[in-house]
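First the proteins, then the strands, lettered A, B, ... as listed; each starts at 1.
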Amino acid sequence: MNAFLDALGRVPPLLAQHVLLSAAALALGIAISLPLAILAARRRRAGSVVLGFASLVQTIPSLALLALFYPLLLWLSALVGGGIPALGFLPSLIALTLYALLPIIRNGVAGLTGIDPAVRQAAKAVGMTPAQTLRLVEAPLVAPVLIAGIRTAAVWTIGAATLSTTVGQPSLGDMIFAGLQTQNWTLVLAGCFAAAGLALATDALIGLVERGIAHRRRPLWLGACIALAAGLLLATAPLWHRGGGARVVTIGAKNFSEQYILARLIGDRLSHAGYTVRYRDGLGSAVIYGALSGGDVDVYVEYAGTLWTGPMRRKDVPDPKAMVAAIGRWTRDTSGVRLIGPLGFENAYAFAMRGDDAQRRGIASLSDLVGAAPGLKLGSDLEFLERPEWAAVRRAYPLRFAATTPYAPTFMYRALASGEADVISAFSSDGRIAADRLTVLTDPRHAIPSYDALLLVAPARAKDATFAAALTPLVGRIPVAAMREANYQVDRDSGKRTPEQAADWLARRLGL
Amino acid sequence: MPAESLRFDAVTKRFGDTLAVDTVSLAIAKGSFVALVGASGSGKSTLLQTINRLIEPSEGRVLLDGADVATGPAPALRRRIGYVFQGIGLFPHMTVAENIAIGPRIAGAPVADVDALLDLVALPRDVATRMPDALSGGQRQRVAIARALAPGAKLLLLDEAFGALDPVTRDTLGGEIRALHDRLGLTTILVTHDMAEALLLADRVLVMQAGRIVADATPGELLNGGGGEAAQALVAVPRHQAERLREIARERAA
């Protein structure tokens, strides 16, 4: 229960962002839907186009819709010469707004076309202009149905806003995604609890507005509107006094335990140095570097090979030291991102098998795996099969597995343990490799580049001496054994620790 | 000869290939109560609605007090003309008082005297605060009449206005409308398919058939066999009914 209360403590700032995003998307959705609904009700052909489009948007999974705006906005930004943020608030706002359109338009059209023709005739006959008809007759008659649509849209928007975490917009989804990755169910529960509570409260209040208008009870709907406005102000209060200005720093983290732990380790050091620290957890590999170079994130830990094979598009596999140096030059020259230095451990892709299984089959390296692969099942993390490393591995070793299945990282280890997978794309710093007695296959042809953990700092912080001074002591300081143990404290099934606790442990262990 | 209120000048209305009104030319005197009688689809409602431009004629023009109704905006025209129709069309989200006062309100005119208008249509004043769905059909139609008269209209168009009412209410309301017409000095045009209603209420009866006026006579002329064949076919119905009733009464008495 205490852990749950602790987890709830993380709610207010995330709730504020969540409410701000949902409210903005809903307001924009209403502003766009109303004229479209009127148009659709007046002109049948335009109506079927509008409703068709809104329905089509609705069939796109919300996660995909959010993800689609990242490349779209990048492209648009490039087209106009930069300046459009492709991550965070904007793509989330656009996607959620589009998502909110259908219920509002549909109910608006249903309400307008449902008005008794005699009432329309009477409005015309008493001499109302079209604008007067809209204001005095259609609007009040449609209001209850329309508000029911807005209510549906509000609940959808609040629910879908949890997914905006994946494009770098803080929301209650941060807690859900982080909890899911670290199997911290308390955190997931607290995030769900807050999001569901928000949705239910909004639903109930808009429901009162709807009832009040339908029954012409002005105090009821006016009161509910005031309650909604007050709730909006109260929930977003943490955003209004953003003290510190330049002293506020954002620490980015990808979506697995090691990243959460390192983010907290970095955050503790920066808050000791006098900065106000915010976290952006759960960013995808593809978006996080963009967030750093764009200034949405001030610092995070990246892995050499990820940059090397990803944005740098390199296919060669040089010596790790030369690689780090080349990366440092590349980040500085292309975007002004500063490489503070490597942390001292590596987290490479490593193919792993159950120890007894590998021994029985006589497999110790990727070369050994080639012959056995057709009888084995590969489990990977969600992105590995699409990554250039996998292509590089297959170029070096002609692997053909009986089946390949992507899993969320924590479930990937479960799949290996239960025999649903025989080989997994593990991470070399993962504590579960030793704990589960897994065999890591060697890479005799050096197909996989080095994955030294690197501390990267945003261009705006590159010359901040206090900032760099707080981080430099971490360089070369973290041995892989310490990282593995910290990771395992968060990932193991019993006696789990939170990333904060593991970060504290790691700091003490390193004598920081 | 009293002044002319309305003139139809070769008014034609086509809906696609259908000719609903076929070159109708007609003058209606100020203060007269004219009934426009015909079967369904004869074009009588269409002709009526060209007056307040709920329907725009395909050809020809309608003159109201000598001015073409097509000049100027339609809403301004309609605010000067009372229009009551079978569908009634009270605004369901407004009280009776708000419904009655809507005309002056949208025109930016002084607030309507709702009590006086309720008195005019013989409704108790306490219905003012009620919602339309709490009224009977007859009461609703009275509210609709009060609403039509609220802006001080001198021309009243009744488009099958009593069509949906029960016969008793219909008869009472018809009589009251006639009394109102006389008292307020209105020009009234009543569209109906009921010749008896037309004969009882109007000063002048026009019979329409296939978009044309085929008879134009006073009730007296019609009852004395005038007005032509089509009109007589319509007059024959109530006359026959009245005779049958008289016969039945005589048989029962005997």
- [ ] Go through the atoms of Met131(B) and report whether side chain, backbone, both or neither lie under 4.5 Å from a heavy atom of chain A.
- [x] side chain
Open item on the list: Looking at Thr169(B) and Leu165(B), would you say the former's side chain and the latter's main chain have a donor-acceptor pair under 3.5 Å?
Closed with: no
TODO: Answer yes or no: is there an ion pair linking Arg120(A) with Glu138(A), defined by an N-O contact shorter than 4.0 Å?
DONE: yes
Task: Contacting moiety of Gln86(B), where chain A heavy atoms sit under 4.5 Å - done: neither
- [ ] Determine the option with the most heavy-atom pairs under 4.5 angstrom with chain A, choosing from Gln49(B), Arg80(B), Arg78(B), Met94(B).
- [x] Arg78(B)
Open item on the list: At a 4.5 Å cut-off on heavy atoms, which part of Leu77(B) comes close to chain A: side chain, backbone, both, or neither?
Closed with: neither
Task: Within-4.5 Å side-chain heavy-atom neighbours: Leu93(A) and Leu28(A) - done: yes
Open item on the list: Check Glu59(B) with Lys13(B), please: is the shortest side-chain N to carboxylate O separation under 4.0 Å?
Closed with: no
Task: Salt bridge Arg170(B)-Glu197(B), side-chain N to carboxylate O under 4.0 Å - done: yes
Open item on the list: Need one label for Arg147(B): side chain, backbone, both or neither, based on atoms under 4.5 Å from any heavy atom in chain A.
Closed with: side chain
- [ ] Heavy atoms only, distances under 4.5 angstrom: which of Gly89(B), Pro75(B), Pro73(B) has the most pairs with chain A? Name it, please.
- [x] Pro75(B)
TODO: Using modelled atom types only, decide if a donor and an acceptor are shared between the side chain of Asn107(A) and the backbone of Val145(A) within a distance under 3.5 Å.
DONE: yes
Task: Region of Arg53(B) that comes under 4.5 Å of a non-hydrogen atom in chain A - done: neither
- [ ] Sort Ile102(B) into side chain, backbone, both or neither according to what part of it lies under 4.5 angstrom from a heavy atom of chain A.
- [x] side chain
Open item on the list: Taking side chain as everything from C-beta outward and backbone as N, CA, C, O, which of these in Ile115(A) sits under 4.5 Å from a heavy atom of chain B? Side chain, backbone, both or neither.
Closed with: neither
Task: Residues Lys154(B) and Asp65(B) bridged, charged N to O under 4.0 Å - done: no
